[in-house]
Every structure is written in C-alpha cells, then in structure tokens.
Amino acid sequence: MAATYVSVVLLLSVLGSASAQLSTGFYSSSCPSLSSTVKPVVHSAISSEQRMGASLLRLFFHDCFVNGCDASLLLDDTSNFTGEKTATPNQNSVRGFDVIDKIKTAVEKACPGVVSCADILAITARDAVAILGGPNWDVKLGRRDAKTASLSGANNNIPPPSSSLSNLISKFSAQGLSRQDMVALAGAHTIGQARCISFRSRIYNDTNIDSSLATTRQSNCPSTSGSGDGNLAPLDLQTPTTFDNDYFKNLVNLKGLLHSDQQLFSNGSTDSLVKTYSASPSKFASDFAAAMIKMGDISPLTGSQGEIRNNCRMVN
Ligand code: HEM
Ligand SMILES: *[C@@H]1O[C@H](CO)[C@@H](O)[C@H](O)[C@H]1NC(C)=O
Ligand SMILES: *[C@@H]1O[C@H](CO)[C@@H](O)[C@H](O)[C@H]1NC(C)=O
Ligand SMILES: *[C@@H]1O[C@H](CO)[C@@H](O)[C@H](O)[C@H]1NC(C)=O
C-alpha cells in the first residue's frame with residue numbers, strides 16, 4: 001500500500017517535470033472565454049490573407065526554440081534592449097506581430113492582466129493549423145512571459161535552410177525533440193511561403209531536385225545574390241494554404257523547396273518517416289499534434305517566474 005503510493009507519487013513527479021505546471025485547464029476559471037476570444041481574430045486574419053495562418057504557426061516555433069516558449073520573440077528592440085526580431089532567421093521573414101497585438105487587445109478586454117503572450121502564441125498556432133484543415137488539439141497553458149530575449153539564441157538555435165540532416169537533428173535534439181518530432185513538425189512547410197534568398201542555392205546547385213521545379217522556381221529567383229532576394233514561392237507547390245500531407249509527397253518526388261526540406265528525404269535516417277507521412281495523412285496529423293504539444297513544453301516560465309506582459313511587444 002505505502003509502496004504503491006510512493007511509486008505513484010514518483011511516477012507523477014517524473015511525468016510532471018518535463019512540462020512544469022502547464023495544463024489545458026489553466027485559465028478555465030480566470031478566463032473562461034479565452035478560446036472563444038482568440039479564434040475569431042485568427043479566423044478573420046486568415047480570411048483577409050490566407051498566408052497569415054502559416055506566419056502565425058511559424059512564430060510559435062521561432063519563440064519556443066529560443067529559451068523556451070516565453071514570447072521572447074515578440075519583444076521589440078528599444079534603445080536599451082535588443083530583441084530577436086533582427087536575428088538572421090527572423091529579419092524580413094517572420095510576420096504576424098500585428099495579428100498577435102490584435103489578439104492580445106481582445107484578450108485583455110475579456111480578461112485583463114491574466115493571459116500571457118506566450119500562451120497566446122500557443123493557442124494561435126493551434127487555431128491557425130485547425131482553420132487551414134489540419135489537426136486540432138488541446139493546448140497546454142500556464143506559460144508566463146520573459147523579461148528578456150536572446151538575439152544570439154535566435155541565430156544559434158533556429159536552423160538555417162542550408163542545414164544538413166545531421167545539423168537539423170542536432171538543433172532539434174538540443175530542444176529535447178526527436179527525429180520523429182522533427183520530421184512531423186517540418187510538415188508545417190505544407191503551408192506558407194519562402195523567399196528566393198532561402199532557396200536560391202537549392203534551385204541552382206542541388207542535384208536532388210526535380211528539374212521542372214528547379215526551372216519553374218528559377219524563373220522568379222535570379223541566380224545573382226542580391227537580386228530578387230525577397231521574391232516568394234510556396235513551400236508546398238500543390239496546396240500552399242491547406243494543412244495536409246502534400247509536403248511529404250513533394251519530398252518523395254524531390255520537390256522540397258528548401259535544401260533543408262529535401263534533407264529529410266535524401267537517402268538518410270528520416271526517409272522512412274517521410275514515406276510514412278506521405279502515405280498516411282492521419283498518422284501525420286496525429287504525430288504533428290503530439291509534436292506541437294511537445295514543442296510547447298520547452299522550458300516554460302511558470303508560477304511566479306517572468307510576468308504577464310500588458311503589451312506583447314515590451315516588458316511591463
Ligand atoms: C526543420 C527545420 C526548419 C527549417 C530549416 C526552416 C526554415 C524555414 C525557412 C527558411 C522558411 C522561409 C523563410 C523566408 O524565406 O522568409 C520557413 C518558413 C516557414 N516555416 Fe520553417 N523551418 C523549419 C522548421 C519549421 C517548423 C518546426 C515550423 C512550425 C512547426 C515551421 C513553420 C514554417 C512556416 C509555417 C513557414 C512559412 C511562413 C510564412 O509563410 O510566413 N518551420 N522555414
Ligand atoms: C531604458 O532603460 C531606462 C533605465 O532602466 C528606462 O528608464 C527607460 O524607460 C528604458 N527605455 C526604453 C525605451 O525602454
Ligand atoms: C553554386 O555553386 C557554385 C560553386 O560552389 C557557386 O560559385 C555559386 O555561387 C552557387 N550558386 C548559387 C546560386 O548558390
Ligand atoms: C539516393 O541515392 C541514389 C543513388 O545514389 C540517387 O540516385 C538518388 O538521387 C538519391 N536520392 C536523394 C533524394 O538524394
């Protein structure tokens with residue numbers, strides 16, 4: 001009896017330690033209208049611009065990989081503070097901050113001073129995926145907002161599109177994410193756009209690329225560095241505003257847009273996962289949702305750590 005009790009307590013504390021005190025019901029009494037407040041704003045942002053769903057999803061990834069999911073990404077630079085927005089993976093690339101501001105304003109109106117910007121990013125990412133046809137999941141909540149940001153963390157932790165498979169595996173592993181988590185999460189590239197600067201060397205120099213895709217993309221992405229750097233192309237050439245498993249079908253056909261995308265199917269250790277997801281939309285959907293929950297568990301600030309920011313762009 002006593003031994004059973006001790007082992008149950010031990011088990012619970014082991015399970016609990018990975019995710020601190022996050023829980024799906026965190027705001028159920030302090031902000032019962034939270035999800036019904038956020039979702040319509042996400043919906044209207046996506047209705048005005050379909051790409052915005054992708055941009056909002058990406059914000060959560062770029063936040064979580066730098067000192068955990070703590071809204072550090074949202075902090076603007078000030079004269080005495082450098083944020084993460086000018087880091088190489090973010091500058092001229094991450095977008096959607098104005099939508100996050102709108103959501104925060106709506107949430108503050110409903111429940112003043114209660115809901116963190118870090119949790120808003122988690123809910124928004126989930127809603128964006130669900131609205132575009134992807135899986136839905138219960139989001140764990142209770143994160144608090146950082147009072148600092150890390151430009152160097154953003155530069156070091158978020159992998160560039162030139163990454164090799166082994167670099168990708170090590171960047172995800174450093175965050176406690178497995179190969180399977182990584183391949184599932186990379187399926188986020190079933191939506192959204194990339195700039196020419198992110199795929200130029202792939203379409204001119206990689207050999208494991210479908211030649212018609214290379215030709216098509218070259219027509220709007222000149223080989224000369226500095227020319228047309230910002231020209232956009234869809235990460236998933238089939239259905240760039242639908243959250244499906246076409247990304248993996250593309251990889252199997254050597255039609256990944258980024259060098260890093262195609263690394264996941266390039267005679268390496270992740271090929272079989274890519275094949276599995278290319279053949280099973282439901283397996284991809286459930287593994288993606290599980291990996292998003294796991295990514296959302298990265299080093300949250302909880303309890304009395306950090307703060308609940310009044311404005312997501314600045315510390316209180
Ligand atoms: C596996 C490593 C990853 C690499 C190397 C990578 C790299 C990139 C790059 C280079 C772009 C285009 C940026 C630009 O040209 O402006 C991009 C876009 C995007 N990434 Fe990733 N990414 C990775 C993983 C992820 C993950 C885990 C997620 C989310 C779960 C994600 C979500 C997105 C989305 C949705 C877009 C399109 C954003 C938009 O259209 O605004 N990526 N990524
Ligand atoms: C910079 O720091 C000083 C001293 O802490 C503070 O008074 C000031 O408001 C800060 N400026 C900005 C733009 O945050
Ligand atoms: C392709 O590779 C060559 C040789 O390494 C290099 O000089 C050239 O700049 C590359 N082209 C692009 C578009 O990356
Ligand atoms: C895998 O290796 C084969 C044989 O070397 C090669 O023809 C094929 O293009 C490679 N596939 C990828 C995706 O790199």
Side-chain angles (χ1 to χ4, degrees), residues 46 49-65 88-97 99 121-122 125-126 128-129 132 134 157-165 167-172 175 177 179 181-210 214 217-218 221-236 240-241 243 247 250-268 270-271 274-275 288-289 291-296 298:
I46 293 176
E49 192 210 2
Q50 294 254 77
R51 182 189 175 193
M52 189 51 73
S55 306
L56 294 171
L57 169 58
R58 187 170 183 230
L59 288 179
F60 189 53
F61 166 50
H62 283 212
D63 182 37
C64 292
F65 265 51
T88 306
N90 293 333
Q91 189 157 37
N92 301 320
S93 186
V94 286
R95 55 202 295 282
F97 297 113
V99 176
L121 285 175
R126 185 274 314 272
V129 169
L132 294 175
N157 301 359
I158 302 168
S162 56
S163 302
S164 65
L165 179 60
N167 289 148
L168 293 171
I169 291 170
S170 72
K171 300 281 180 185
F172 278 72
Q175 304 289 341
L177 297 171
R179 274 167 218 223
D181 296 327
M182 176 179 83
V183 175
L185 287 168
H189 288 180
T190 181
I191 53 175
Q193 306 276 322
R195 293 167 300 155
C196 167
I197 195 175
S198 301
F199 58 82
R200 175 180 285 125
S201 72
R202 167 149 175 81
I203 61 174
Y204 288 100
N205 276 344
D206 279 6
T207 52
N208 61 351
I209 184 169
D210 173 83
R217 292 299 167 244
Q218 285 168 5
C221 179
S223 60
T224 317
S225 161
S227 125
D229 283 0
N231 295 356
L232 295 174
L235 285 158
D236 168 11
T241 58
F243 199 98
Y247 170 78
N250 295 335
L251 297 187
V252 169
N253 292 312
L254 308 187
K255 290 181 177 176
L257 182 63
L258 305 179
H259 175 81
S260 51
D261 289 327
Q262 197 60 55
Q263 282 294 292
L264 303 179
F265 189 83
S266 201
N267 293 322
T270 51
D271 282 20
V274 169
K275 278 206 165 137
F288 180 81
M292 284 291 286
I293 292 168
K294 201 165 159 190
M295 183 167 80
I298 300 172

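One-based numbering, in listed order, for ligands and for the atoms of each. Quick note: residue numbers are just sequence positions, from 1. Bear in mind the structure is a predicted one, so any value in this text is a computation, not a measurement.
Inter-residue side-chain proximity for S93 and R58 is flagged as met; some heavy-atom pair is nearer than 4.5 Å. Residues P89 and H62 are in side-chain contact: their nearest non-hydrogen atoms beyond the backbone lie under 4.5 Å apart. By the 4.5 Å heavy-atom criterion applied to side chains, R217 and I209 are not counted as neighbours. Side-chain contact check for D236 versus H189: every heavy-atom pair is 4.5 Å or farther apart. For the pair L258 and S198, the minimum side-chain heavy-atom distance is below 4.5 Å. When side chains are defined from C-beta on, L235 does not count as touching T190, because their heavy atoms never get closer than 4.5 Å. Contact of the N208 side chain with the F265 side chain is not registered, since no non-hydrogen atoms from C-beta on lie closer than 4.5 Å.
Only the side chain of S198 comes within contact range of ligand 1, with a heavy atom under 4.0 Å; no backbone atom does. At a heavy-atom cutoff of 4.0 Å, ligand 4 is contacted by no atom of T207, backbone or side chain. With a 4.0 Å heavy-atom cut-off, ligand 1 is reached by no atom of S163. Using a 4.0 Å cut-off between heavy atoms, F172 contacts ligand 1 through its side chain alone, with no backbone atom that close.
Looking at Y204 next to ligand 3, no N or O pair under 3.5 Å apart turns up. The shortest N/O to N/O separation between S93 and ligand 1 falls below 3.5 Å. For ligand 1, the polar-atom distance check against Q193 finds a nitrogen or oxygen pair separated by under 3.5 Å. Between Q262 and ligand 4, no pair of N/O atoms sits closer than 3.5 Å. For ligand 1, one of its N or O atoms has an N or O atom of R51 under 3.5 Å away.
Which parts of ligand 1 touch S260 is read off a 4.0 Å heavy-atom cut-off, strictly below it: atoms 5 (C). Heavy-atom proximity to G192, at under 4.0 Å, picks out these atoms of ligand 1: 37 (C), 40 (O). Below 4.0 Å from some heavy atom of S201 lie the following atoms of ligand 3, by number and element: 14 (O). Interface of P161 with ligand 1, defined as ligand atoms under 4.0 Å from a residue heavy atom, comprises 10 (C). The R200 neighbourhood of ligand 3 comprises atoms 13 (C), with distances under 4.0 Å to a heavy atom of that residue. Taking every heavy atom of L168 and a limit of under 4.0 angstrom, the matching atoms of ligand 1 come to 2 (C). Residue A188 has at least one heavy-atom neighbour below 4.0 Å for each of these atoms of ligand 1: 28 (C), 29 (C), 30 (C), 31 (C), 32 (C), 35 (C). Below 4.0 Å from some heavy atom of N208 lie the following atoms of ligand 4, by number and element: 14 (O). Each of the atoms 7 (C), 8 (C), 9 (C), 10 (C) of ligand 1 lies under 4.0 Å from some heavy atom of L258. Counting atoms of ligand 1 from 1 in the listed order, those under 4.0 Å from a heavy atom of L235 are 18 (C), 19 (C), 36 (C), 37 (C). For ligand 4 and F265, the ligand atoms under 4.0 Å from any heavy atom of the residue are 13 (C). In summary, the atoms of ligand 4 found under 4.0 Å from a heavy atom of L254, numbered by their order in the structure, are 13 (C).
For P160, the heavy-atom gap to ligand 1 drops under 4.0 angstrom.
By the definition of a contact as any protein heavy atom under 4.0 Å away, atom 14 (O) of ligand 4 is in contact. Using a 4.0 Å threshold on non-hydrogen atoms, atom 11 (N) of ligand 4 counts as touching the protein. For atom 7 (O) of ligand 3, no protein heavy-atom neighbour is found at a distance under 4.0 Å.
Within the set P159, P240, G187, the minimum heavy-atom distance to atom 5 (C) of ligand 1 is found for P159. The closest non-hydrogen atom to atom 42 (N) of ligand 1, taken over H189, K171, Q50, R58, comes from H189.
Protein heavy atom closest to atom 5 (O) of ligand 4, with residue, atom name and distance, is N267 ND2, 4.6 Å. Ranking protein heavy atoms by distance to atom 9 (O) of ligand 3, first place goes to N205 ND2, 4.8 Å.
With hydrogens and angles left out, the side-chain atoms of N253 and D210 include no donor and acceptor closer than 3.5 Å. Remark: the R202 side chain and the Q262 side chain contain an N/O donor-acceptor pair separated by less than 3.5 Å.
Listed for the R51 side chain is no donor-acceptor partner under 3.5 Å among the backbone atoms of I191. Between the side chain of D271 and the backbone N or O of S266 there is at least one donor-acceptor pair closer than 3.5 Å.
Of all the heavy atoms in I203 and A214, the pair that sits closest is O-CB, 3.8 Å.
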From CA spacing to verdict: side chain to side chain contact (heavy atoms under 4.5 Å, CB included), Q193, R95: CA-CA 11 Å; Q193 306 276 322; R95 55 202 295 282; over 6 Å; no

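The aromatic rings of F172 and F61 lie parallel to each other, with less than 30° between the two planes, well short of the 60° mark.
Within 6.0 Å of CZ on R179 lie no more than 12 heavy atoms contributed by other residues, nucleotides or ligands.
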